Structures are given as C-alpha cells and as structure tokens.
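After the structure tokens below, expect a handful of questions from me.
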Amino acid sequence: MPAHFMSNAQIAQVFFNIADMLEIKGENRFRVLAYRRAAEQIVQHPVAFVDLWESDPKSLEEIPGIGETISAKIDELLRTGKLQFYEDLQLEIPASVVALVKVPGIGPKTAKLLYQELGITSLGDLRDAAEAGKIRSLPGMSAKTETNVLKGLDTLARLSGRIPLRLALPTANALLEGLRKSPLVLQAEAAGSLRRRRITVGDIDLLVASQDPVAVIEYFTLLPQVSQVESKGETKTTVLLHTGLTADLIVLPPTSYGALLQHFTGSKDHNVELRELARNKGLSLSERGFTDEKGQLHPCATEQEVYSRLGLDFIPPELREGRGEIEAAAHHRLPHLVTLQDVRGDLQMHSTWSDGAKSVAEMAQAALAKGYAYIAITDHSQGLGVANGLTPERLDAQRAEIDALNKELAPFRILAGCEVDIHADGSLDLPDETLAKLDIVLVSIHSAMKQSREAMTERVIRALGNRHVDIFAHPSARLVGEREAVDWDFPQILRAAQQHGVMLEMNADPHRLDLDGEAARLAIQAGLTLTFGTDAHDPAGLDNMSFGIDQAHRGWVEPQHVFNTRPLEQILAHLQARR
DNA sequence: GCCGTTTTCGGCCCGACTGTTTTCAGTCG
C-alpha cells in the first residue's frame, strides 16, 4: 500500500488540531487529553512513523498513548493522505478558529464563545473585534479583556518559535547572577527545558529558595533585564525581558526547594508519570512535596528526597523526558553517563589551512591546555571553495606540518584528518588514494540538502560504503533554529553505518548539536560507536564540548559508547586497522 | 481515548494567577 509521506510533526499537527477542536466543542476532557498525549508522543518520537507503519502498522500501538482508535486514524492518514474524522470536525469548527487558542490568554472556552457569538474565525478578526470594543459585550468579558487580547496577539507574534539553548543559557545565567546578589535568595537555579538541556527552549524558568518569596519577587521584577511584568503573585511571577524572552520565577521556602526544582524541571511527561507513581503509593506530589492520605504535607528540600521517597534512583535532569527513565530508575538500571572528564581528545576542528582562525600549532596548544591526549585536525576538502577547502596536494603539505608538530609535542598526538564533502550523488570530494594517506576521515553534507528522502538516503549510504570513511560528521546537517535537518530514512542510515563500521559524530557546536540526544540514543541502540567533536574554528570553540556532553546525556550515552573516551593507543590501533 | 503486579471499567497530575465575581471558571505551566 502506498504511503502518503508525512513527517511525524505533520501527523502530530493533525492530532493536536483534533484535540483543540474537540476541546472547543466541549468534549470529554480526557478524550481531548488522549489526543493531545498521542500527538506529543508522535512529535517527539525519534523514528519516522511512516517507517514504523511501513514495516508493521500494528507496531504503532506499542507506543504509549496510542491505542486502537488513534492507530487506525494514523493508518488512514498514511494510506489515503486524509482523515475523514478530521474533515468532518473541520465542518463544525473551522481550522482557523483553532488558531485562536494559540493566543496567550485565550483557551478553548473563550475561542468557542468568540466564534459562536461574534463569528470570529481568524487572528485578524480577533484583533478587529478587540479594537472595535465588541468583545466587552460578551459574558465574563470587559474592556480589560480586550486589552489583554491585544497584548496576547503581540506576544504570539513575538514568541512564535523556540529559542536556541546557546542564546537562552547566557540570559538565564545573567538573571541568576542578579538574583544571587540578594541576601534573601538562599538558592537559585534555572529549571525547565533549559536544565534538561533541550536544544531549544520555550522560556526561562527560574527557581529560588527563600523565606520571603514576596520580597524576592519584588526584587526580581526590578532587575535591569526585565522590561515588563506580565503577572505577579505571592510565589510566582512572569516577566518579559528586553531580549524578547519570557522568564518565570517561582519562589518557595527552602524546605520545599527540592520538590520545586523537581516539579519545574519537568518534563511534563516525566512529571505525569511520577505523580501517577505517587498516587499508586497513596501520595500526592506537588511542587511543595508529598501530601499523604491524611492531608499531611511532607516537604522535600532536595530532589533526591523526591525520587527516593518513590523508590527511585536519582534521575539526571537530561533524562527526564518520560522515555523509560522512571522504570530504569526503579530497577537501578539508569545509564552511567559519559562525562566531560571521560573525553580524551577532540575529533573535529579546523585551522587556518581552511576556514579556521588559528594555526594547527595554536589549536594543538589549546587542546593540550585542556588536558587532551590527542586531537584530529579536520579541515575542509577542496569542494568547499568558500571554506578554502584542501586539495590532495595541500593535504600532503599539511601532513608535513603535522608530522613535525607531533615530534615536538609527543606524547600528545595530532591526527591528520579531513572533513570530506559528500557530493550530491554520494561520491566523496577526494580520491581514495588521498583518503588512504590520512589518519582519520570524516565525511559530511554541506550541499544539496533539499534532496528527496530516497535520494538523500541512497546518497549517504553510498558515502558510508567507502572503506576509508571513519566518521559521519554532523549527520543531519541541521542548524538549530536556522535550517531543518535533511530528510532521510534514519534506521537505514544506522544499519549502513553499522555494516561498514562507520562511527557517528555528536557535533558539540551549539549551532548544530548533531547528532542530538534522541538520535544518539537510537544510534547506540543500533550498536554504533559515537565520537565527540567540537568543530572548533578557534581555541574558544574547544570549550563547546560540554554542549555535546549534555546531548549525550539526553541520549543515555555511556563512556564505552564513545570512541574518544579511549586512550590514544586504542584509537590508533582501530584507525590503522581500517587503513 | 487510553490503560491495568490492586482495575477490561472507571479512573485519568496539581496548583497558582487573573479577572470578574461575591465563590469561581478559565488559563497556564
């Protein structure tokens, strides 16, 4: 049966819309919740549903939150390209009405009211009605509601899209620094998706332990970064920053700080699972702690207390995505995550030979200062003209320079490598005899990124089949917040890499983070070895390794899954055996 | 609509803030 290709995000969008429409209709809230949970499962699933469905349509039902009904709807979508149930719903609730609930402050009830009473079906209608003062005539609405609707429309326009981690982190750190200057602040941390180190974050969640929450909130709203106070209560406030980001601050006494930190680190899925577990034990879990059946509160000062009370090992924040970590923690089977200290060398960086800012010697000195035992210099290949890519002849000349440096710096070792372009047809940008002379060969995609799924998959498989290739670098070619990942059949790519003994890079450049944690987890499950590379173009870039480690944590990666946690002799033995 | 080492039926996570309303619904995270 022919598949109508849809990405997971596209499929999920259908179910998010269905959930919104059912909610606007006033359907049973748990039915609505079920559709929304299914949509969330779909959008965050690391493998394309099309691929799962093609191999076995029934396999979809094994995914939590997806049962018989929703699985059948996905089947219809992928088989026919449409969904009758969804089309019928759209006759009742125009799709454009669904857009109204995206406006902060407007939920399904208000959207329904606006649609039924005023015939509002678009954001444009909404703005017109608010500006014309028509909304105040509705029950429960006032002139103030109209002001808030207009503010909500502005916020929506400004906040469409998440913020890359690399931008959110410094903002959060600056706010924390400001908070910690107050003697009222006993503890302060950033939580939310930022603490889980997601690649992008929606807003900044800050938590504080203090005996005087009201005063801390007042102090916070007066920090110089704050441009506008959106809401302000006795324990929490939401502010708009001059940078355009939104920040939430929640303040509780130190006795509850652990529960607070746990609660607002999330993820939502993780917390839902955790609270279900608590319920099964006759407890209710909130951001203040556990409440027992007698209604007695047992606050938690540390996160450890929250987990141990539930019989769980401590779960690192990066793992808290509701993907099996709670079960693993219950059975003492959490991974022993790789750390920055485990990494013995950096396997991707550039020098002035191509588009780097510093010489090979300067990069090597910087790496030595970081305590590394080895690095790979991996300048671009000739085809990447804009980056001053290297020809076979220039690679020979660079090799001479590297050999000389190695004599000088021993036992530190510089591997002579290259980041070789994969052409659109899957051939490589340098001849085999040149590749054979290198210590280490990385391949990557820098062009023709819009190829069809089939073409891209074939292209990469062909490239990985070249016996000189050691590492597939920044595999998806995504740039966070700027460029989508290439489209391909990832499970097939993993099989090809496995078959040819090619390793996949976890590129630690915060613009890339590629593989990301989710993909890395799939890769190690497929039996692949990973490598860390910062892709540094100057010595400061070497510091980005921690971004890669964060993603590795999200991928449940342990030291033995990573090539460059091994000592130099083992690295060399492996590479030489492939030459 | 989904799900089950207490359930195949009867549950389904919890609390703060806002605004309009005089005790609470809607929204959000």
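Keep in mind that what you see is a predicted model, and the values were worked out from it rather than measured. Any value given below was found using the heavy atoms of this structure, including those in side chains, with hydrogens, waters and symmetry copies removed.
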Write down the distance between CD (A:Glu273) and P (B:dC12), rounded to a whole number of angstrom.
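It works out to 17 Å between those atoms.
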In numerical order, the residues of residues 12-24 of chain A whose heavy atoms come under 4.0 Å of DNA chain B are none
Apply side chain to side chain contact (heavy atoms under 4.5 Å, CB included) to A:Ala38 and list each qualifying residue two or more places apart in sequence or on a separate chain.
A:Ile66, A:Ile70
Any side-chain N or O of A:Arg279 less than 4.0 Å from the OP1 or OP2 oxygen of B:dC14?
yes
With C1' as the reference atom in both, quote the distance from B:dC2 to B:dT8 in angstrom, rounded to an integer.
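B:dC2 and B:dT8 have their C1' atoms separated by 12 Å.
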Contact class for A:Phe30 (heavy atom, under 4.0 Å): base, sugar-phosphate, or nothing?
base
Under the side chain to side chain contact (heavy atoms under 4.5 Å, CB included) test, which residues partner A:Ser137, sequence neighbours left out?
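So A:Ser137 forms no side chain to side chain contact (heavy atoms under 4.5 Å, CB included) with any residue.
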For A:Arg288, all residues meeting salt bridge (charged side-chain N to carboxylate O under 4.0 Å, His left out), sequence neighbours excluded
none
Do you know the tightest heavy-atom contact between A:Leu515 and A:Ala523?
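Heavy atoms only, the tightest pair is CD1-CB, 4.2 Å.
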Please report the distance separating the C1' of B:dA16 from the corresponding atom of B:dG11, rounded so that it comes out in whole Å.
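Result for the C1' pair: 26 Å, nearest Å.
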In residues 299-326 of chain A, which residues come under 4.0 Å of DNA chain B by heavy atom?
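Under 4.0 Å from DNA chain B: no residue of residues 299-326 of chain A.
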To the nearest Å, give me how far apart CG (A:Leu100) and P (B:dG26) are.
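Value for this atom pair: 17 Å.
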Output for pair (A:Ile315 CD1, A:Leu310 CG), nearest 0.5 Å, gives 9.5 Å
Charged N-O contact under 4.0 Å between A:Asp20 and A:Arg36
yes
Measure from the side-chain N and O atoms of A:Thr221 to the backbone N and O of A:Glu218, and report whether any donor-acceptor pair falls under 3.5 Å.
yes
Within the structure shown, what part of the strands sits under 4.0 Å from A:Thr110 by heavy-atom distance: base, sugar-phosphate, or nothing?
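Sugar-phosphate contact only - A:Thr110 comes under 4.0 Å of backbone atoms but never of a base.
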So, using side chain to side chain contact (heavy atoms under 4.5 Å, CB included) as the criterion, who are the partners of A:Lys109 when residues are at least two apart?
none
Test salt bridge (Lys or Arg N to Asp or Glu O under 4.0 Å) on A:Lys236 and A:Glu287; report intermediate values, then the result.
CA-CA 12 Å; A:Lys236 66 206 284 186; A:Glu287 66 240 54; 5.0 Å; no
Distance, rounded to the nearest Å, where A:Leu194 contributes CG and B:dG29 contributes P:
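One finds 16 Å between P of B:dG29 and CG of A:Leu194, rounded.
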Between A:Leu283 and A:Gly105, the residue closer to the 5' end of DNA chain B by nearest nucleotide is A:Leu283
Rounded to the nearest Å, what distance is computed from the CG atom of residue A:Asn28 to the C1' atom of nucleotide B:dC2?
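The answer, rounded to whole Å, is 12 Å.
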Could you tell me which residues satisfy side-chain hydrogen bond (donor to acceptor under 3.5 Å, both in side chains) with A:Glu76, sequence neighbours excluded, listed by chain and number?
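Once residues adjacent in sequence are excluded, A:Glu76 has no partner under the side-chain hydrogen bond (donor to acceptor under 3.5 Å, both in side chains) criterion.
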With rounding to whole Å, what would you report as the distance between B:dC17 and B:dG10 at their P atoms?
37 Å
How long is the line joining CD of A:Glu276 and C1' of B:dC2, in whole Å?
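In whole Å, B:dC2 C1' lies 11 Å from A:Glu276 CD.
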Do any of residues 65-74 of chain A sit with a heavy atom less than 4.0 Å from DNA chain B, and if so which?
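Residues of residues 65-74 of chain A under 4.0 Å from DNA chain B: A:Gly65, A:Ile66, A:Gly67, A:Glu68, A:Thr69, A:Ile70.
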Just checking A:Leu274: base, sugar-phosphate only, or nothing, at a heavy-atom cut-off of under 4.0 Å?
nothing
Please table the atom pairs, donor to acceptor, closer than 3.5 Å between any side-chain atom in residues 177-190 of chain A and protein atoms at least two apart or in another chain.
| from | atom 1 | to | atom 2 | distance (Å) |
| --- | --- | --- | --- | --- |
| A:Arg180 | NH2 | A:Ala188 | O | 2.5 |
| A:Ser182 | OG | A:Leu184 | N | 3.1 |
| A:Glu189 | OE1 | A:Tyr257 | OH | 2.9 |

Answer yes or no: are there more than 12 heavy-atom neighbours, outside A:Lys232 itself, under 6.0 Å from its atom NZ?
yes
Atom CD1 of A:Ile250 to atom P of B:dC28: distance rounded to whole Å?
16 Å
Taking the same atom, C1', in B:dG1 and in B:dT5, what whole-Å distance lies between them?
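Looking at atom C1' only, B:dG1 and B:dT5 are 24 Å apart.
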Could you let me know what B:dG29 is paired to, Watson-Crick or G-U wobble, both distances under 3.5 Å, or none if it's on its own?
B:dC14
For A:Phe490, which residues count as a ring pair (Phe, Tyr, Trp, His ring centres under 6.0 Å) partner, sequence neighbours excluded?
A:Trp488
Side chain to side chain contact (heavy atoms under 4.5 Å, CB included) with A:Arg323: which residues, sequence neighbours excluded?
A:Gln44, A:Glu321, A:Glu325, A:Glu518, A:Arg521
Rounded to whole Å, please give me the gap between CG in A:Asp269 and P in B:dC2.
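Taking atom P of B:dC2 as the reference, CG of A:Asp269 is at 16 Å.
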What is the distance, to the nearest angstrom, from the CG atom on A:Leu89 to the P atom on B:dG1?
11 Å
Between B:dT21 and B:dG26, how far apart are the P atoms? Round to whole Å, please.
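Those two atoms are separated by 13 Å.
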Looking across every strand, which nucleic acid part, if any, lies under 4.0 Å from A:Val251 by heavy atom: base, sugar-phosphate, or nothing?
nothing
Between B:dC12 and B:dT7 - C1' atom distance, rounded Å:
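Going atom to atom, C1' in each nucleotide, I get 13 Å.
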Kindly give the atom pairs (protein nitrogen or oxygen, nucleotide nitrogen or oxygen) under 3.5 Å for nucleotides 15-19 of chain B.
| from | atom 1 | to | atom 2 | distance (Å) |
| --- | --- | --- | --- | --- |
| B:dA16 | O3' | A:Thr235 | OG1 | 3.3 |
| B:dC17 | OP1 | A:Glu234 | N | 3.0 |
| B:dC17 | OP1 | A:Thr235 | N | 2.8 |
| B:dC17 | OP1 | A:Thr235 | OG1 | 3.3 |
| B:dC17 | OP1 | A:Lys236 | N | 3.0 |
| B:dT18 | OP1 | A:Lys232 | N | 2.6 |
| B:dT18 | OP1 | A:Lys232 | O | 3.3 |
| B:dT18 | OP2 | A:Lys232 | O | 3.2 |
| B:dG19 | OP1 | A:Asn148 | ND2 | 3.3 |

On the ring face of A:Phe85, is A:Lys73 found with NZ or CZ under 6.0 Å from the centre and within 45° of the axis?
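Output yes; distance and angle both within limits.
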